[in-house]
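Lettering follows sequence order; numbering is per chain, from 1. Hydrogens, waters and symmetry mates are skipped; everything else that's a heavy atom, side chains included, is used.
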Amino acid sequence: MPELPEVEVTRRSFADRIAGATVRAARLGKPLRWPLGVAPEALVGQRVRSVGRRGKYLLVEMDRGWLLVHLGMSGSLQFAPALPPPGPHDHFELDTSQGLLRLHDPRRFGAVVCVPSLDHARAVQLLGGLGVEPLEAGFDPVRFHQALRQRRAPIKQVLLAGDIVVGVGNIYASEALFSAGIRPTTRADRISGPRAARLHAAIVQVLQRALAVGGSTLRDFVSADGQSGYFQLDTMVYDRAGQPCRRCATAIRTIRQGQRSTYFCPLCQAR
DNA sequence: AAGCTGTCCTGAAAGC
DNA sequence: TGCTTTCAGGACAGCT
């Protein structure tokens, strides 16, 4: 499932190639998570200025607004001069002078939303509540600790909420907590400064490593077949229930937190 | 305000 | 073998 590293790799794979292109047509498939918000024809004639990213949203900057693209959990993008006819799971297409951008999303948790330049409220609604970017300078260990001290919920769920730091999904939350030696059920406000600093470093390291791996395994994520693109994850705890911890050989345990699976090592993550 | 729960969707895997 | 059930995931609405 696309988490921050996959989204960033996707962005890099087509941002330069689509920049400057003029939209010739836009097509919708079955409904996605949210409606597009405008008639597809409203995009025709606009040029693509750039492709940025905020959290797990891709921000396609157009002449008169932004296209916010979210890959949900099963979405992927392709951008190529030409593509085969759309299949039953291709739910958005942007035909441009430089190629065809296509969203393939079998489970339709993804979304493409057009936010006109003037609709500031809509932009705030979609992006306003997001936390800091974990791979940018604003993600600071001291401020991270201060933010955690305001929260009584289990640290795993606080990370997932995304309002302190974005981009840490279910997989990387478990992985980062293992790396920092913190039990996922620990109340966020009970984590000391030094331990928060360790978690901060673990989040950065886990995401950066995934991004580096993605750079090699996902080089043609967008332009190629779209099937083999997902990360081949080599995890320490995620999806390893009952298997021996790679550090101490204790059996990895799984629990449910907020209807989501959490994995941890009971020995390496004692508290 | 913060923190719960339910909801959306569909393919894969497990269970009967 | 074939049918039914469960599970996975991100993020929001609507509660308490």
Stems of at least 3 consecutive Watson-Crick or G-U wobble pairs (donor-acceptor distances under 3.5 Å) involving DNA chain B, listed by first number, are B:2-16 with C:2-16
So [X], base contact, sugar-phosphate only, or nothing? Heavy-atom distance under 4.0 Å.
X	answer
A:R187	nothing
A:G169	sugar-phosphate
A:R260	base

Under-4.0 Å side-chain N/O to phosphate OP1/OP2 contact, [X] with [N]:
X	N	value
A:H70	C:dA11	yes
A:R152	B:dA2	no
A:S74	B:dG11	no
A:K30	B:dT10	yes
A:H89	B:dG11	yes

Before giving the answer on side-chain hydrogen bond (donor to acceptor under 3.5 Å, both in side chains), spell out for A:D105 and A:H91 the whole-Å C-alpha distance, their side-chain angles and the decisive distance to 0.1 Å.
-> CA-CA 7 Å; A:D105 187 5; A:H91 301 303; over 6 Å; no
Full working for side-chain hydrogen bond (donor to acceptor under 3.5 Å, both in side chains) between A:R24 and A:T96 | CA-CA 5 Å; A:R24 297 195 290 221; A:T96 79; over 6 Å; no
Provide, to the nearest angstrom, the distance between the [atom1] atom belonging to [X] and the [atom2] atom belonging to [N].
X	N	atom1	atom2	value
A:L32	C:dA11	CG	C1'	15 Å
A:R108	B:dT10	CZ	P	4 Å
A:D239	C:dC7	CG	P	14 Å
A:D163	C:dG10	CG	P	15 Å
A:Y172	C:dG10	OH	P	11 Å
A:R107	C:dA11	CZ	C1'	16 Å
A:Q259	C:dG10	CD	P	13 Å
A:R256	B:dC4	CZ	P	16 Å

Does the distance from a Lys or Arg side-chain N to an Asp or Glu carboxylate O, for A:D63 and A:R49, drop under 4.0 Å?
-> yes
Would A:E6 and A:K56 pass as an ion pair if we require N to O under 4.0 Å?
-> no
Mind running salt bridge (charged side-chain N to carboxylate O under 4.0 Å, His left out) on A:D189 and A:R149 for me, showing each step along the way?
-> CA-CA 4 Å; A:D189 63 352; A:R149 287 176 61 188; over 6 Å; no
Donor-acceptor contact present, side-chain A:S97 to main-chain A:T22, <3.5 Å | yes
Give the C-alpha distance, both sets of side-chain angles, the deciding distance and a yes or no for ring-ring contact (aromatic ring centres under 6.0 Å, His included) between A:F144 and A:F139.
-> CA-CA 7 Å; A:F144 180 55; A:F139 188 39; 5.3 Å; yes
Starting from the C-alpha separation in whole Å, work towards a yes-or-no answer on side-chain contact (heavy atoms from CB on, under 4.5 Å) for A:Y263 and A:D239.
-> CA-CA 7 Å; A:Y263 300 85; A:D239 205 23; 3.8 Å; yes
Would you please say whether a donor-acceptor pair under 3.5 Å links the side chains of A:R260 and A:Q257?
-> no
Worked check of salt bridge (charged side-chain N to carboxylate O under 4.0 Å, His left out) between A:R102 and A:D95 = CA-CA 9 Å; A:R102 172 183 289 175; A:D95 184 13; over 6 Å; no
Closest-nucleotide ordering on DNA chain B, the 5'-leading residue of A:G258 and A:F109 = A:G258
Report all interatomic pairs (protein N or O, nucleotide N or O of nucleotides 12-14 of chain C) with separations under 3.5 Å.
| residue | atom | partner | partner atom | Å |
| --- | --- | --- | --- | --- |
| C:dC12 | OP1 | A:Y57 | OH | 3.4 |
| C:dC12 | O4' | A:R33 | NH2 | 3.3 |

